[in-house]
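Notes follow once the structure below has been shown.
So that the names make sense, note that chain A is the first sequence line, chain B the second, and so on, each numbered from 1. What you see is a predicted model, and the numbers here were worked out from it, not measured in a lab. Hydrogens, waters and symmetry mates are skipped; everything else that's a heavy atom, side chains included, is used.
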2 protein chains.
Amino acid sequence: MAESSEPPSSPRESARQSVTLQDIAAHAGVSRSTVSLVLRESPLVADSTRTRVQASIKALGYVYNRGAAALRASHTFTLGVVVYDIANPFFGAMVAGIDSVLHRENYVSFLANSEDSPERQQRFLERMREQRVDGLLLCPAEGTDPALLTQLMGWNMPCVQVLRHIGTPPFDYAGTDFELGVRQAVDHLVALGHRRIVFLGGEAEHSATRARHQGYHDAMHAQGLGEVLGIVRGPVTRRAGFEGIQTLMQETPRPTAVICHNDLMALGAMLGLQRLGLIPGEDCAIIGTDDIEEAALSLPPLTSVATHPFSIGEEAARLAMRRIANPGGAREQVILTPRLQVRHSCDPIPAHGEALYRRYPHATLDA
Amino acid sequence: MAESSEPPSSPRESARQSVTLQDIAAHAGVSRSTVSLVLRESPLVADSTRTRVQASIKALGYVYNRGAAALRASHTFTLGVVVYDIANPFFGAMVAGIDSVLHRENYVSFLANSEDSPERQQRFLERMREQRVDGLLLCPAEGTDPALLTQLMGWNMPCVQVLRHIGTPPFDYAGTDFELGVRQAVDHLVALGHRRIVFLGGEAEHSATRARHQGYHDAMHAQGLGEVLGIVRGPVTRRAGFEGIQTLMQETPRPTAVICHNDLMALGAMLGLQRLGLIPGEDCAIIGTDDIEEAALSLPPLTSVATHPFSIGEEAARLAMRRIANPGGAREQVILTPRLQVRHSCDPIPAHGEALYRRYPHATLDA
DNA sequence: GCCTCGTTTTGGATTGATCCAAATATGAGA
DNA sequence: TCTCATATTTGGATCAATCCAAAACGAGGC
């Protein structure tokens, strides 16, 4: 006791080597093991001991070494998150939802932006294995080999797929009912009197695309419009919306309404209409998907199938926590229900308003 | 050699305990140390040895254990990134820029969303210390105590501030010249004939706010307009823009132009004008800051001071790499030059176009 | 006073890599 | 063939925690 009082005195000049459990133990007059138990909030430790140890921890300015702990323990309280486009505000909101849950659970997460490259994604996943994360939240890149799931299972690595999924059930998944969302959009348009309804976007074969296309197909058939126009496949960017709608509007018969794969496309499509001197709502109704915050700020405000990204993020993170706590448990699919957020991009507009839209015929995505 | 050929044979049923350097060493007939050198791509190892070891690594399905490595090594190839609103597309783009550089450098990053809470930020930073990250990219939360920098220095933790900074130089920082950006905006408006120019937004006392206000102040004075209207302080959200401009337009004298703290505010402000039956550009010119992708998609397309978030992210990450490689080096400030992206939100509009904007008087941020 | 039984505490082994100083191998020149 | 410098390789110590079986402690009951 008296013997160890000098070395760990107040602030050491450079604190070159860090304070360890051993130092705390010496200072508090207990063993290394006991200190470890205190740190992990074990109920085994007597209250009096606990407070004494905690005081020593504070006094010596101890810093827990997670690397060392991870070497022996089974958990790292660490997660890997993969999205394919973090610059898309949809994913921003989703990541915020994930972060809010993880923060409560004392987890931290590695984030990677795969840019929809399976190779880049694979590299990150391998790195996550090296880091020994407790689990993954994965929004698989386009073209990801479904064998990836088997691989992860072989790694013994819990993985919750988000938004898109690959492979065959059972797997853990959190997302939204895209099929229902598109059905709501089609039904809404039909109720407004539309028949020539096109679905714009999605070429890659992943679940989120298939579900949307399926929803479109089913809803159109249910409305007896099965053979009227159809799906235009392509990338799902702003630019694709901008260009895609311009092509569509030059075809015969022209669609009277377009449902877009996501809001970015829809916003691009509205700009594309302007470029042609056409008016969103009047000349062609537009519906987007996601209901990102920007949707309310366009002119006209965009009607969109709200998919609640923040909630999806929360649900995914919670599911991951459950799976980590119980690795053998039954796989779960958490499917949120989308809701059509009606704004004004399907409203017809009085003819005398056209001039305004036509004022910016040379608007492009770049200027 | 023959002795160790059985245990690490092909796939073990459950691979319960992992393959270690020791196993590789035995398989390749070298020592643990040599394998370690191969893993770290040391030039010391002979080519023939290297290939043999690499073959063994592949054959046994070895997985590098970063936790164990971190225990001894000085680097973890890990970084902490803190932003205050990941749902803001500006930060999405910035994080994408960070990620692209880190990926090239073989780094991975922990991401946290502080939600502008200094407590939450502090908790994350402490966690990062426990994880022994090599450095931090920090966009400090509003109200962060400048002593934080001293604290981090005491921790011996390299930290690059991004976009905002606290404390006093020298420190590492990557951002943009907000002051110049606002000056560009003011000059542009004055050239268009505006005199009653208001700056909208920013109440907290951080560098990015001060710089903007300073830029506004200087530019207005340089133009001889120093006492004409001024700065309206407040939060910097979409909603604040929406509400702020409505208040402004009911005052006398009314401003003829508003420069907004960021694009979200500017987009909200344009919606606010509509709500009043006013026309952006005609009744009041609007300029935003950031030039997020959405800026091009509004109607009218928003004129904005482009701050290039992706590049800022890249520069910040590169600076962090430099600082980690050379902790004692001179602190650096990387200041990018903003550029005014002129679109149409300052154009006057023919009167007969008004009807269209007035069609959506009840538009709000929620619907 | 001794014996349980439950509560606390403990030491030694273990985790899987890196560091470092020293040992060994290799090759050129004398 | 020997020497010396250079190129490779190595074993032991070390990093800082957790796990686990066993020991110490303390309170009641007989």
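Atoms CG (B/N65) and P (C/dT14) sit 18 Å apart, rounded to a whole Å. Rounded to an integer number of Å, the gap from CG of B/L60 to P of C/dG16 is 14 Å. Look at CD1 on B/I57: it is 16 Å from P on C/dG16, rounded to the nearest Å. Atom CG in A/L39 sits roughly 10 Å away from atom C1' in D/dA17 (whole-Å rounding). Atom OH of A/Y64 and atom P of D/dC15 are 19 Å apart (whole Å). For the pair B/Q131 CD and D/dC15 P, the computed distance is 21 Å after rounding to whole Å. What separates CG of B/L71 from C1' of C/dC19 is a distance of 12 Å, to the nearest Å. Atoms OH (A/Y62) and C1' (D/dA16) sit 7 Å apart, rounded to a whole Å.
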(request) Sugar-phosphate atoms are those with a prime plus P, OP1 and OP2; base atoms are the rest. Using that split, label each nucleotide of nucleotides 22-28 of chain C B, S or - for protein heavy atoms under 4.0 Å, 5' to 3'. (result) -------
(message) One character per nucleotide, please: for nucleotides 4-13 of chain D, 5' to 3', B when the base has a protein heavy atom closer than 4.0 Å, S when only the sugar-phosphate does, - otherwise.
(response) ----BSBBBB
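Checking side-chain atoms of A/D99 against main-chain N and O of B/A112 turns up no donor-acceptor pair under 3.5 Å.
Annotation: cation-pi geometry not satisfied between B/R127 and A/Y107 (NZ/CZ under 6.0 angstrom from ring centroid, within 45° of ring axis). For the pair A/R164 and A/Y84, the distance from NZ or CZ to the six-membered ring centre is under 6.0 Å and the angle to the ring normal is within 45 degrees.
Mapping B/A68 and B/R40 onto DNA chain C by nearest heavy atom places B/A68 at the nucleotide closer to the 5' end.
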(request) Before giving the answer on side-chain hydrogen bond (donor to acceptor under 3.5 Å, both in side chains), spell out for A/T76 and A/Q131 the whole-Å C-alpha distance, their side-chain angles and the decisive distance to 0.1 Å. (result) CA-CA 9 Å; A/T76 56; A/Q131 299 282 359; over 6 Å; no
(request) Give the intermediate values and the outcome of side-chain hydrogen bond (donor to acceptor under 3.5 Å, both in side chains) for residues A/S114 and A/S117. (result) CA-CA 6 Å; A/S114 72; A/S117 149; over 6 Å; no
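Partners of A/F124 under the ring-ring contact (aromatic ring centres under 6.0 Å, His included) rule, at least two apart in sequence or in another chain, do not exist in this structure. Shown here are the side chain to side chain donor-acceptor pair (under 3.5 Å) partners of A/N65, two or more places apart in sequence or in another chain: there are none. With sequence neighbours excluded, no residue forms a side chain to side chain donor-acceptor pair (under 3.5 Å) with B/N113. Take A/E126 and apply the side chain to side chain donor-acceptor pair (under 3.5 Å) test, not counting sequence neighbours, and it matches A/Q122.
Counting any heavy atom pair closer than 4.0 Å across all strands shown, A/V63 reaches sugar-phosphate atoms only and no base atom.
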